[in-house]
Structures are given as C-alpha cells and as structure tokens.
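The structure appears below as structure tokens.
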Amino acid sequence: MTEDMRWSPRADATRRDLLDALDETAGVRSIAVTVDDGAKVADVELDHTGDESLVAVIPDRYALAWKRGVLR
C-alpha cells in the first residue's frame, strides 16, 4: 500500500533531515521524499553547480532509496 504522496509524517521527517544535512551543499535545488510500499524514496534535484559525488554521501547515510535529478 502506498501512503498519501501529498504528505506523510515519515517522508516529511526524512525530508527535513536531508534538508538540514544538505543545507550548505551547493547546487541542491529541492528534496522530495515519498513512501512507496513502506520504503522511503528521496528525490534530490541539483542545478548545474551541484556535485553529484558530494551530494551522494549524505542520502547514502539513510535507510532509503534515492535518486538524483540533475538540471544542466
């Protein structure tokens, strides 16, 4: 079962944690977290200045799947 994608307490808490962790990382445009079949999935969107290798270190610390969207 998929939780409501508009707002989920679990997803929102993880999104806030990621926002705090990536606060001073250049190039992060947005972070969205959803819960799909009980698994948290983060989508980190970067602009052209974002360094994917630097950003990847943070979400890898969490128990979640994540993907990056890069706007170049």
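Put simply, Val57 and Leu18 are part of two different groups of oily side chains (I, L, V, M, F, W, Y) that touch within less than 4.5 Å, one to the next. Under the 4.5 Å side-chain contact rule for hydrophobic residues, Val28 and Tyr62 share a cluster. If you chain together hydrophobic residues whose side chains sit under 4.5 Å apart, Leu54 and Ile31 never meet in one group.
The heavy-atom pair separating Leu64 from Ala42 by the smallest distance is CD1-CB, 3.8 Å.
Of the charged side-chain nitrogens involved, at least one lies within less than 4.0 Å of a carboxylate oxygen, so that Arg16 and Asp12 count as a salt-bridged pair.
For the residue pair Thr34/Asp36, the side-chain donor-acceptor check at 3.5 Å is not satisfied.
The side chain to side chain contact (heavy atoms under 4.5 Å, CB included) search around Asp60 returns Ala56, Trp66, not counting sequence neighbours.
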